[in-house]
There are 2 protein chains.
Amino acid sequence: MTAKDKKPPGAQRIADDLRAEIESGEIEPGGKLPTTRQLVEKYGVTPETVRQAILRLKNAGAVTSRQGGGVYARNRPPLKRLGMQRYDKAKWRDSDEVAFIADRVASGREYNRTDQTQTVKLVPASREAAAALGVPEGSDVYARARLVREKGEPTHTLTSYYRPSHVEGTRLVDPTPGPAGAGGGFRVFYELSLEPDHMNEELCARMPTPTEVETLQLPQGEPVVVLKRTTYTADDTVIEYAVGIHCASRFSWNYSFKLPDSARDNAERAERQES
Amino acid sequence: MTAKDKKPPGAQRIADDLRAEIESGEIEPGGKLPTTRQLVEKYGVTPETVRQAILRLKNAGAVTSRQGGGVYARNRPPLKRLGMQRYDKAKWRDSDEVAFIADRVASGREYNRTDQTQTVKLVPASREAAAALGVPEGSDVYARARLVREKGEPTHTLTSYYRPSHVEGTRLVDPTPGPAGAGGGFRVFYELSLEPDHMNEELCARMPTPTEVETLQLPQGEPVVVLKRTTYTADDTVIEYAVGIHCASRFSWNYSFKLPDSARDNAERAERQES
DNA sequence: TAGTGGTCTAGACCACTTC
DNA sequence: AAGTGGTCTAGACCACTAA
């Protein structure tokens, strides 16, 4: 009697037990779970059954495993908080690129050229991109795709779409990799007298496609967050439509805003029209 | 030779094939996949192997299965877009509750009392809730928990936390279920001269816990989006801290904002201080 | 009741990691 | 080389659904 003879055994039971051990801290994040053989003996089941139990935990995002290695409770790295301040105009308007990079270095984060790979191509506009940019579906638009890494590990992809008439000939679509971050792109628009003024972000989450699993090297049980961003100038010209695919466990998004007041807004609008 | 003798068989292969059939539209959303036995024959493998293939698709959120029923490609219901306008002051300030409900009915959506269950309790404040509300951790706060359904199916939970000093004795913490939606709660604060003015929303996504799977009746392979909302009055008093758990496949979040400009904001602030 | 998916056993074999 | 997790077979049995 190993004090384990109260409930029906089986994969679900084993998974629940292990999960409890992880949540209680008995097995700390990054810690090793018992080996398959040990669990086989402990629960008196087949290796296959144990494997099924582990599988459930993997799909729930609770553990990862390496063949030949072992099974480990997943680390919960602190979420990188993405706030609206990341688009601060000061970052790309007032400082030049070098200063911008210098700032990143000074702030303790390493700036590493290899942290971001970039490819620029002319592609036929998807339905979404076409609608956002206000061009016919299938017409050529520039696609600037980046894969961003943190300490070597991919964290997200970001693909920006531009109207060729806006960016043709600028360094934005120069195949030579430019400066990292949105600052780089926004600076270019600023210099083109297309200063970014406001934007719209749309978020949703889902399980990744096999392609996404591969490019982002996602562990089993890791969802992705899809971010669709449209950037406008003050006169509502769309200068960029961007789609990002983010590893869910690495980010959180933060938005602060005043509650809208349609009644007052309408009144103000009417007033403005009269004057 | 059924034209299926080119690549190594196995669960992954079968899963890939089925996935391709779903994505190509060969099997439409909601459509039935071949039975296990049919796939066994087609691929010349064991039922167990086919089951493993299906398992992968389930964990990827691509299919669902009912024991005794069959395996079906998952429906992709249109995402309900949640924008900042859902907090429009007009909804809870200018109209009374009845009008608010009438409006929902008129707009074509059914208002059904059973769409939302509600429980109100005094609970010790969690660390997060305490920090947000500015009370000591573990001190009593009101927790108002709702489970929201759409056509009978749970879509999300939402738990609001309040300072007892704010809401004690109001209908907000009356155990009788009140009106649905944030409008109901905000109206109460408005009447208490604690008018909601601005808020902060934080989003992240992850796989659900077993409890969440149960209360939201989540299919395998369905992530959740966690929404943490803090609501302030104009003088920065926190009146509500709320946590929502959403089925990822049912919602998208939408935010529109002006790009911040710390340089100008600082200048304005300095000016104001001088005057 | 026939057909469906779900769980488990028993055991072979493979791929990878660690020492 | 020994130990780890991963895949697959073969077959028994169970639980649920639909006609």
Side-chain angles (χ1 to χ4, degrees), chain A residues 4-5 7-19 22 27 30-74 210 213-214 217-221, chain B residues 4-5 7-19 22 27 30-74 210 213-214 217-221:
Chain A
K4 286 287 178 194
D5 44 337
K7 280 293 173 67
Q12 188 58 59
R13 161 74 194 299
I14 300 173
D16 290 345
D17 278 9
L18 290 171
R19 184 173 206 123
I22 292 170
I27 300 173
K32 194 171 184 299
L33 272 67
T35 68
T36 304
R37 269 78 163 178
Q38 286 171 331
L39 292 168
V40 163
E41 187 166 354
K42 177 173 181 185
Y43 288 96
V45 295
T46 321
E48 185 64 19
T49 303
V50 169
R51 209 194 115 238
Q52 298 289 336
I54 306 271
L55 226 189
R56 293 174 198 226
L57 293 177
K58 288 205 287 191
N59 287 319
V63 304
T64 54
S65 62
R66 294 190 312 262
Q67 195 167 32
V71 183
Y72 297 85
R74 270 187 61 178
V213 168
E214 176 157 22
Q217 295 178 322
L218 299 170
Q220 242 171 328
Chain B
K4 285 287 177 194
D5 45 337
K7 281 291 174 66
Q12 188 59 58
R13 161 74 195 298
I14 300 173
D16 290 345
D17 278 8
L18 291 171
R19 186 174 205 122
I22 291 169
I27 300 172
K32 195 170 184 297
L33 271 67
T35 69
T36 305
R37 270 79 163 177
Q38 286 171 330
L39 292 169
V40 164
E41 187 167 352
K42 176 172 182 185
Y43 289 96
V45 293
T46 320
E48 185 65 19
T49 304
V50 169
R51 209 193 117 239
Q52 298 290 337
I54 307 272
L55 225 188
R56 293 176 198 225
L57 293 177
K58 286 205 288 192
N59 288 318
V63 304
T64 54
S65 62
R66 296 189 310 261
Q67 196 168 34
V71 183
Y72 297 85
R74 269 187 60 178
V213 168
E214 178 157 21
Q217 296 177 324
L218 299 170
Q220 243 173 326

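Since the structure is predicted, the reported quantities are computational estimates derived from the model, not experimental observations.
The nearest heavy atom of DNA chain C to A:Ala11 and to A:Pro47 marks one nucleotide each, and the one closer to the 5' end goes with A:Ala11. Between B:Pro34 and A:Gln12, it is B:Pro34 whose nearest contact on DNA chain C lies nearer the 5' terminus.
For residues 55-74 of chain A, proximity to DNA chain C is found at A:Arg56, A:Arg66, A:Gln67, A:Gly68, A:Gly69, defined as any non-hydrogen atom under 4.0 angstrom from a strand atom.
The distance from the CD atom of A:Gln220 to the CG atom of A:Leu55 is 6.0 Å, given to the nearest 0.5 Å.
Taking the C1' atoms of five terminal pairs at each end of the helix from C:dT1-D:dA18 to C:dT18-D:dA1, the two resulting helix axes are inclined by 10°, rounded to 10°.
For DNA chain C, the outermost nucleotides in 5' to 3' order that have an atom under 4.0 Å from a heavy atom of chain B are C:dG3 to C:dC8.
Counting heavy atoms from C-beta outward, B:Pro219 and B:Arg74 have side chains that approach closer than 4.5 Å. Side-chain atoms of B:Leu18 and B:Leu39, non-hydrogen and from C-beta on, do get closer than 4.5 Å to each other.
Partners of B:Glu48 under the side-chain hydrogen bond (donor to acceptor under 3.5 Å, both in side chains) rule, at least two apart in sequence or in another chain, are B:Arg51, B:Gln52. Among residues two or more places apart in sequence or in another chain, the side-chain hydrogen bond (donor to acceptor under 3.5 Å, both in side chains) test is passed with A:Glu41 by none. Take B:Ser65 and apply the side-chain hydrogen bond (donor to acceptor under 3.5 Å, both in side chains) test, not counting sequence neighbours, and it matches B:Lys58.
Side-chain atoms of B:Thr46 do not come within 3.5 Å of backbone N or O of B:Thr49 as any donor-acceptor pair.
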Could you please spell out the steps behind the side-chain contact (heavy atoms from CB on, under 4.5 Å) verdict for A:Leu57 and A:Val71? CA-CA 10 Å; A:Leu57 293 177; A:Val71 183; over 6 Å; no
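Heavy atoms of other residues, nucleotides or ligands lying less than 6.0 angstrom from CD of B:Gln12 number more than 12.
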